[in-house]
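A short write-up of the structure that comes next.
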Amino acid sequence: MPELPEVEVCRRGLQPEVLGERMLGAIVRAPRLRLPLPATLGDTLAGQQVVAVRRRGKYLLLDCRGGVEDGALIIHLGMSGSLRFVATGAPPGNHDHVDLLFARQVLRLADPRRFGVVIWQPVGAPLHPLLAVLGVEPLADEFTGDWLFAATRGRTAPIKPVLMDSHLVVGIGNIYAAESLFRAGISPLRAANRISRERYRRLVAAIRETLADAIAAGGSSIRDYVHSDGGAGCFQVDCAVYGRAGEPCRRCGGVVRQVRQGGRSTFHCPSCQH
DNA sequence: CCGACAACCTGTGAGC
DNA sequence: TGCTCACAGGTTGTCG
């Protein structure tokens, strides 16, 4: 489900519910997701107070203190993960793998495909390798057209998979890569090192706008649950190109095309994007 | 270093 | 209706 906007919307929904709250413990029902689940998570989280709810790329971080060991609970939702508040004692479904037990409710992680990750990061320990390799935040000031231009020298791969490389820049997945490139008028097939500095400036602006719009669209619909249920894909009101193969481009009326890049579908308008 | 690809899982929808 | 296949929003590891 989640790319950066979905995770950010999730974070914003989570924060008012858990910030300052204390956990009684946790229930772990699966041995592993993408990685083994921490075996003693219940003990680790018992008595912890959530003192911050942060996001890094597509990872959610709950900073905790007051238990046996201060640290951060790190959650990645993978392709199919979701977080939802349920009443204490609510019976778990098939794919409800982890419950975080708060005094008045339960934060429940479901993940049918089990591509998600839950790890415990103690304060002072070296940053977990999964997070240590992450690139820049696309909404941070340092992410500029000039930076991206410099970072893509020597990259001969098409720009779309390069945008989705989390070692370079985090949070841009299949949907928003396609949407951002459409907004910038750049072909997803163009080699990254064959795009001018000026066009990279435009691309970075397009990425920021696309992500910000998606956050705004999702953020307006949060209430008592903290995730987008995705379904067809966009929880954005509508995508310009993603998922619209064969349909008319909203800008020029031409046909939106679907191609395959690195095993994944790419949607674009060949007449608007060069 | 870079890029292409398989792999990890399950659910869903299309087509027969 | 029921089966099979292709595909799905992410990321890592391997290989050339």
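Labels below follow one simple rule: chain letters A, B, ... track the order of the sequence lines, proteins then strands, and each chain is numbered from 1.
Among the atoms of the strands shown, only primed sugar atoms or phosphate atoms (P, OP1, OP2) are found under 4.0 Å from some heavy atom of A:L130. If you check every strand for non-hydrogen atoms under 4.0 Å, A:G262 touches nothing.
Relative to the side chain of A:V133, the nucleotides C:dA8, C:dT12, B:dG3 differ in distance, and C:dT12 lies closest. For A:R114, the listed nucleotide lying nearest its side chain is B:dT10; candidates were C:dG9, C:dT11, B:dT10. Here the nucleotide nearest the side chain of A:H167, chosen from C:dG9, C:dT12, B:dC9, is C:dT12. With B:dA4, C:dG10, C:dA8 as the choices, the nucleotide that has an atom nearest any side-chain atom of A:E3 turns out to be C:dG10. Of all nucleotides listed (C:dA8, C:dT12, B:dA4), C:dT12 comes nearest to the side chain of A:R34. Among C:dA8, C:dT11, B:dG11, the nucleotide with an atom closest to any side-chain atom of A:H95 is B:dG11.
For B:dC9, there is no paired base (Watson-Crick or G-U wobble, both distances below 3.5 Å).
With A:L100 as the partner, the side chain to side chain contact (heavy atoms under 4.5 Å, CB included) test is satisfied by one option alone out of A:V18, A:L62, A:V50, A:L83: A:L62.
A sub-4.0 Å separation between OP1 or OP2 of C:dG9 and a side-chain N or O of A:Y176 is absent. Of the side-chain N and O atoms in A:R32, none sit less than 4.0 angstrom from OP1 or OP2 of B:dC8.
In this structure, A:R251 places its CZ atom where only 12 or fewer heavy-atom neighbours from other residues, nucleotides or ligands lie under 6.0 Å away.
For A:R153 and A:F149, the positive end sits near the middle of the six-membered ring, less than 6.0 Å away and at most 45° from its axis.
Between the side-chain ring of A:F115 and the base of B:dC8, a stacking contact exists by the 5.5 Å and 30° definition.
Taking the C1' atoms as reference points, B:dG11 lies 23 Å from C:dT12, given to the whole Å.
In this entry the distance linking CG of A:L77 with P of B:dC9 reads 19 Å, nearest Å.
Taking the nucleotide of DNA chain C with the nearest heavy atom to each of A:R113 and A:G171, the more 5' of the two is matched to A:R113.
A salt bridge between A:R29 and A:D96 is absent, with no side-chain N of the basic residue lying under 4.0 Å from a carboxylate O of the acidic one.
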